[in-house]
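Please read the structure below before turning to the comments.
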Amino acid sequence: MLQPRIMLVVTGDDFGYCPRRNKGIVDCFKAGGISSVSLLVNASAAKDAADLAKRHNIPIGLHANLTEGIPVCQSLRQASTLINEAGFFRGKIGFRQALGRYQLSMEQVALELREQIRLFRELTGHLPHHMDGHQHVHILQEVREVFAQVLFDHKIPYTRVPVEPGLHSCQWLPTHLQRFYAQVEKDALEAIPVFRRYGIRWPEVYLGLTTVGQNMSVSNLQWALNHALSRSFCGISSSETQVITAELMVHPGYPSHPQKGGCGEGPDDFSQSDDRQHELSVLTDLSLFALYRQMRVQLCAFNDL
């Protein structure tokens with residue numbers, strides 16, 4: 001049997017968001033479509049998700065959340081720079097805006113991250129195998145230093161660095177997403193020296209920005225994997241024995257019920273749409289598995305890298 005060319009961690013994000021998300025993620029794992037999950041510990045179905053991971057032996061990490069719902073840390077629920085007047089996190093854009101105005105306490109960020117790790121351990125019985133940020137908050141200015149220190153202190157070895165090959169040549173992304181993803185890439189590149197300084201690791205290649213929701217298809221995944229194999233991006237030789245490590249971020253599931261799920265404010269529009277189920281269908285498509293065999297892609301967990 002030929003050695004794989006790509007060791008691919010396919011991570012199902014937002015585990016715990018709602019019961020239907022949990023079911024879809026578990027179904028996807030059992031069908032061989034994903035190989036890892038990231039848990040939102042402040043989400044409404046987090047305990048159910050942790051129990052499902054134990055039952056099905058699903059490799060699980062922490063999806064650190066500073067933007068959606070309410071803090072895990074009790075002391076930050078009353079008076080905190082991380083929450084708005086309604087007591088909820090500021091949201092994906094609101095968090096970034098407050099950060100840009102230097103209005104966020106990094107001590108409070110560290111406290112919340114440590115509390116989320118504590119709750120993760122309480123729910124699962126172990127520390128996270130990996131830890132990334134919901135809506136990519138972990139790579140933002142100031143936050144990245146705190147995040148790296150917390151991972152170092154807890155001996156959590158792996159994170160996510162969302163720098164995707166081929167992003168700027170992707171033709172199907174709308175303009176607003178191109179702008180947001182370009183900023184994500186800039187933040188990720190600036191986070192790399194910080195993560196390296198703390199000895200944190202990540203797969204060589206990240207995939208997933210170009211294949212979210214309806215943009216996921218077997219052909220688009222093939223396009224992304226071909227870019228992952230690009231020697232100009234990875235700096236690899238043409239040796240047949242060279243193995244590239246990669247992570248593919250995905251969001252499989254079934255549409256959330258309007259009044260059930262989320263992190264305290266109910267499920268968002270993306271969660272209630274058909275996009276999650278579309279991803280589930282693509283990830284379990286037999287033609288995708290055939291593509292993996294053809295391209296010598298082997299799915300694995302972070303612990304296998």
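We're numbering straight along the sequence, starting at 1. None of the values given here were measured: they were computed from a predicted structure.
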### Query
Got a sec, which residues hit side-chain contact (heavy atoms from CB on, under 4.5 Å) with Glu185, two or more places apart in sequence or on another chain?
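Counting only residues at least two positions away or on another chain, Glu185 forms a side-chain contact (heavy atoms from CB on, under 4.5 Å) with Val163, Leu167, His168, Leu189.
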Can you give me the closest heavy-atom contact between [X] and [Y], atom names plus distance?
| X | Y | answer |
| --- | --- | --- |
| Ile60 | Phe120 | O-CZ, 3.7 Å |
| Val37 | Phe15 | CG2-CD2, 3.7 Å |
| Ser80 | Leu76 | CB-O, 3.1 Å |
| Leu288 | Val282 | CD2-O, 3.5 Å |
| Asn220 | Asn215 | ND2-O, 2.6 Å |
| Ile25 | Pro252 | CG1-O, 3.5 Å |

NZ/NE/NH1/NH2 to OD/OE distance under 4.0 Å, [X] and [Y]:
| X | Y | value |
| --- | --- | --- |
| Asp51 | Lys47 | yes |
| Glu279 | Arg276 | no |
| Arg21 | Asp13 | no |

[X] vs [Y] side-chain heavy atoms within contact, under 4.5 Å:
| X | Y | answer |
| --- | --- | --- |
| Thr210 | Tyr181 | no |
| Met295 | Asn226 | yes |
| Arg77 | Pro71 | yes |
| Gln116 | Leu62 | yes |

Distance check, rounded to the nearest 0.5 Å: [X] atom [atom1] versus [Y] atom [atom2]?
| X | Y | atom1 | atom2 | answer |
| --- | --- | --- | --- | --- |
| Trp202 | Glu247 | CH2 | CD | 13.0 Å |
| Glu122 | Ile117 | CD | CD1 | 14.0 Å |
| Thr245 | Gln298 | OG1 | CD | 12.5 Å |
| Lys30 | Ile58 | NZ | CD1 | 9.0 Å |
| Leu229 | Arg296 | CG | CZ | 9.5 Å |

With sequence neighbours left out, write down each residue that passes salt bridge (charged side-chain N to carboxylate O under 4.0 Å, His left out) with [X], or none if nothing qualifies.
| X | result |
| --- | --- |
| Glu145 | Arg197 |
| Asp27 | Lys23 |
| Arg201 | none |
| Lys54 | none |

### Task
Give the intermediate values and the outcome of side chain to side chain donor-acceptor pair (under 3.5 Å) for residues Tyr17 and Glu68.
CA-CA 11 Å; Tyr17 196 83; Glu68 185 175 358; 2.7 Å; yes
### Message
Are more than 12 heavy atoms, taken from residues, nucleotides or ligands other than Asp274, located less than 6.0 Å from that residue's CG atom?
### Response
no
#### Entry: CZ (Arg121) with more than 12 external heavy atoms under 6.0 Å
no
Determine the interplanar angle of the [X] and [Y] rings, folded into 0 to 90°, and report it as parallel if under 30°, tilted if 30 to 60°, perpendicular if over 60°.
| X | Y | answer |
| --- | --- | --- |
| Phe302 | Tyr158 | tilted |
| Phe195 | Phe147 | tilted |
| His126 | His129 | parallel |

### Query
Does any donor atom in the side chain of Asp132 or Thr159 lie under 3.5 Å from an acceptor atom in the other side chain?
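Not at all, the side chains of Asp132 and Thr159 share no donor-acceptor pair under 3.5 Å.
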### Query
Any side-chain donor paired with an acceptor under 3.5 Å for Gln108 and Thr81?
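Distance-only check passes for Gln108 and Thr81.
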### Query
Stepwise, does the side chain to side chain donor-acceptor pair (under 3.5 Å) test hold for His134 with Ser38?
CA-CA 9 Å; His134 185 46; Ser38 281; over 6 Å; no
### Message
Within 45 degrees of the ring normal and closer than 6.0 Å to the centroid, is that where the cationic atom of Lys92 sits relative to Phe180?
### Response
yes
### Query
For Leu280, which fellow cluster members are found when Ile, Leu, Val, Met, Phe, Trp and Tyr are connected by side-chain heavy-atom distances below 4.5 angstrom, either directly or through intermediates?
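Members besides Leu280, by chain and number: Tyr254.
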### Task
Give me the one residue out of Met249, Arg160, His63 that meets side chain to side chain contact (heavy atoms under 4.5 Å, CB included) with Thr11.
Arg160
### Query
When Cys300 is tested against each of Leu8, Val10, Leu305 for side chain to side chain contact (heavy atoms under 4.5 Å, CB included), which residue passes?
Leu305
